[in-house]
Amino acid sequence: AVISVLSILTIPTPWGVPFTLQTFAVAIAGYVLGRKYGTIATILYVLLGLVGVPVYAGMSAGPGVLFGTSGGYIFGFIIMTFFCGLGIELGNKKNKK
């Protein structure tokens, strides 16, 4: 839900990929929820947009967005969430020693 809300406000760019706070929200999902649950939450976000719920930047949705200019970024969110969660988990293990 946080990723969806932070994707509403967009700043358009000439190359077609808008600036949003989605990236920040995806990182926060990994940090707060951890590697497993953060990645699952991000996958659900991508799937919601794929089936037509307007959760992507500028209240857009559908397969056209995923396979358009922003698609690589949206799929990359899944990987980013995983690595943000992994970094937090490894940092927590290191600090406990």
Side-chain angles (χ1 to χ4, degrees):
V2 173
I3 300 170
S4 301
V5 169
L6 291 179
S7 71
I8 292 173
L9 179 64
T10 63
I11 301 170
T13 61
W15 53 88
V17 179
F19 290 119
T20 66
L21 290 176
Q22 280 174 306
T23 310
F24 174 72
V26 167
I28 292 297
Y31 295 142
V32 172
L33 299 175
R35 172 181 52 174
K36 180 181 177 183
Y37 294 117
T39 304
I40 290 170
T42 306
I43 290 170
L44 288 173
Y45 165 75
V46 172
L47 291 176
L48 280 173
L50 179 65
V51 298
V53 180
V55 293
Y56 299 144
M59 300 293 292
S60 60
V65 176
L66 281 180
F67 298 107
T69 55
S70 298
Y73 293 98
I74 295 172
F75 286 118
F77 290 162
I78 298 168
I79 298 165
M80 179 181 171
T81 306
F82 177 83
F83 282 116
C84 287
L86 180 65
I88 286 295
E89 290 171 8
L90 292 176
N92 287 341
K93 285 182 183 178
K94 186 177 181 180
N95 289 335
K96 287 182 182 179
K97 290 183 179 180

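No hydrogens, no waters, no symmetry mates; every other heavy atom, side chains included, goes into these values.
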Assigning hydrophobic clusters by single linkage (Ile, Leu, Val, Met, Phe, Trp, Tyr; side-chain heavy-atom cutoff under 4.5 Å), is [X] placed with [Y]?
{"X": "L50", "Y": "V65", "value": "yes"}
{"X": "V32", "Y": "F77", "value": "no"}
{"X": "L33", "Y": "I78", "value": "no"}
{"X": "M80", "Y": "F75", "value": "yes"}
{"X": "V53", "Y": "I43", "value": "yes"}

Can you measure from [atom1] ([X]) to [atom2] ([Y]) and round to the nearest 0.5 angstrom?
{"X": "T23", "Y": "Y73", "atom1": "OG1", "atom2": "OH", "result": "9.0 Å"}
{"X": "L9", "Y": "Q22", "atom1": "CG", "atom2": "CD", "result": "11.0 Å"}
{"X": "I3", "Y": "T20", "atom1": "CD1", "atom2": "OG1", "result": "10.5 Å"}
{"X": "I8", "Y": "S60", "atom1": "CD1", "atom2": "OG", "result": "11.0 Å"}
{"X": "L21", "Y": "I11", "atom1": "CG", "atom2": "CD1", "result": "8.0 Å"}
{"X": "T81", "Y": "I40", "atom1": "OG1", "atom2": "CD1", "result": "11.5 Å"}

Inset, instruction - Please report the closest heavy-atom contact between R35 and E89, naming both atoms and the distance. - result: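 That closest heavy-atom pairing would be N-OE2, 2.9 Å.
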Inset, instruction - Search all heavy atoms of S70 against all heavy atoms of P18 and return the closest pair with its distance. - result: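 Scanning both residues, the minimum pair turns out to be OG-CD, 4.1 Å.
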Inset, instruction - Give a yes or no on this: more than 12 heavy atoms of other residues, nucleotides or ligands lie within 6.0 Å of atom CG of L44. - result: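 Buried by this count: over 12 neighbours within 6.0 Å.
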Inset, instruction - Could you tell me whether a side-chain N or O of S7 sits under 3.5 Å from a main-chain N or O of V55, the two making a donor and an acceptor? - result: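 Yes.
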Legend entry - Worked check of side-chain contact (heavy atoms from CB on, under 4.5 Å) between V2 and I28: CA-CA 9 Å; V2 173; I28 292 297; 5.7 Å; no
Inset, instruction - Can you tell me which residue pairs pass the ring pair (Phe, Tyr, Trp, His ring centres under 6.0 Å) test with a partner in residues 3-45, sequence neighbours excluded? - result: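 Qualifying pairs: Y45-Y56.
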